[in-house]
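Taking it in order: structure first as structure tokens, then the write-up.
Computed over heavy atoms, backbone and side chain alike; hydrogens, waters and symmetry mates excluded. To find a chain, count down the sequence lines: A is the first, B the second, and so on, and within it residues start at 1.
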Protein chains: 2
Amino acid sequence: MATVTVENYIKQIYLERLKIKGDVVSMGSIATALEVAPGTATTMVKSLADSELVEYEPRVGVRLKDNGEKMALGLLRRHRLIELFLVKILGLDWSEIHDEAEMLEHVLSDKVMEKIDVLLGRPKIDPHGDPIPSATGMLDERNLVPLNQCEIDLKIKISRITDQQADFLKFLEKNGLMPGVTITIIERNQFADSIMIKIDEGESISLGSAAAKKILVELIS
Amino acid sequence: MATVTVENYIKQIYLERLKIKGDVVSMGSIATALEVAPGTATTMVKSLADSELVEYEPRVGVRLKDNGEKMALGLLRRHRLIELFLVKILGLDWSEIHDEAEMLEHVLSDKVMEKIDVLLGRPKIDPHGDPIPSATGMLDERNLVPLNQCEIDLKIKISRITDQQADFLKFLEKNGLMPGVTITIIERNQFADSIMIKIDEGESISLGSAAAKKILVELIS
DNA sequence: TGCCATACTTTGATTAATCAAAATTATAAA
DNA sequence: TTTATAATTTTGATTAATCAAAGTATGGCA
């Protein structure tokens, strides 16, 4: 049985890989993401390699093997189902569920996860718009566009938030910018690095590109 | 912050104390209950004493201090609320909730526990009939009698099961012997070490005294 | 081509929790 | 009172995870 620490490394390697072009994750990015000393990451990754969860090439980086990928997807599934559960069933705010799920994903039994899955109606998407892998490890990533790369005057739907910092989520919620909401970009200013959006039947808000980049949207045909 | 291990020792010391007359728990009972080597228990208890959670007298035993008692009651509350939650909200069987709760009690945040408490209507009793301590650490133990010490021909109500082994609970469930059910002892045989009980409007079952002792009942006036 | 900054790995220690086995103390029996 | 047995503590090791700091490669720049 994998320890909580092992599970966290595997999940983080998976998440880091999503951010890059290739499929070899650097030691540095792992150490930074997990907030451990570089040497600690090296030691752990070597032991993950001994367990056949990853392939490790010194001075190059690490790549998940099938076992590891399966474990990562399982954890992602747990994490996202738990987040949805915390919002839908227990009524927590979406800004406070991430850290909670981070702990629970290592502890809930498969039996409990199955009950939660059924209770929620086998959902496909979590409260931040992240897709929930199936029990068999299938993950369907939708084709979404960052809000800052969107054209002006089109009707678009907020579909996914890629930053789960509590403060950012609270800001979005206060301004009605949650997944499902439809908006239009009414103005963009390259030099001011900002866009102005208008919520359907609602207010207008100005966003910097750093914030807009974290909001993924879908065009409404 | 106390580790999971520390929490488990504290809780176990509390539970062992309930089983005895005095309030000093022996090292041996702790080691046995937690399934660790005797020396391990000694080491840990000494460190609990350093943390001011217990008083430890070598070769004598250990007694919870106020801090420790508070922690134990907090854990008991979590454990029992979680058990009820697993049965009532997630629909698990009462025979499979103990081990699950054993893990979750160390991980769920106070915020989540409060949501669960509210969702369940601030319950006072868990699925096995164990009382749930209040958030302030109050615990009202009812005055219950072991079934094997009960008089014959009285109407009594099953109120609490003190053994949470899955197999025993499954046996009870299959025979309709769950908290809330009213029964009558229709026969007892000192020498055969058994009693015969009859469920109201239902079947008769014979129980050995070892099993009957684990079923606590209440007289119906 | 050679050097150097940066990224990475190694080394030596530390902490929490554990064990087996040896040493000690207390208890109950003779 | 002495002794044997049972309970407890000590000792010396181990495992998982971590750190700081010292050592080592590698890739780009001069």
Inset, instruction - Mind calculating the distance between CE (B:M27) and C1' (D:dT9) to the nearest angstrom? - result: 10 Å
Inset, instruction - Kindly say whether the aromatic ring centers of A:H98 and A:H128 come within a distance under 6.0 Å. - result: no
Legend entry - Interatomic distance where NZ belongs to B:K46 and P belongs to D:dT8 [whole Å]: 14 Å
Legend entry - Cation-pi geometry met for A:K46 and A:Y56 (6.0 Å, 45°): no
Inset, instruction - Measure the shortest side-chain to side-chain distance between B:V217 and B:I215 over non-hydrogen atoms and say whether it is less than 4.5 angstrom. - result: yes
Inset, instruction - Using the six-membered ring wherever Trp is involved, compare the ring planes of B:F85 and A:F85 and label them parallel, tilted or perpendicular (cut-offs 30° and 60°). - result: perpendicular
Legend entry - Euclidean distance, atom CG of residue A:L48 to atom C1' of C:dT9 [Å, nearest integer]: 16 Å
Legend entry - Sequence-distant partners of A:D99, side chain to side chain donor-acceptor pair (under 3.5 Å), two or more places apart: none
Inset, instruction - Starting at the 5' end of nucleotides 11-29 of chain C, put B wherever the base has a protein heavy atom under 4.0 Å, S where only the sugar-phosphate does, and a dash everywhere else. - result: ------SBB----BB----
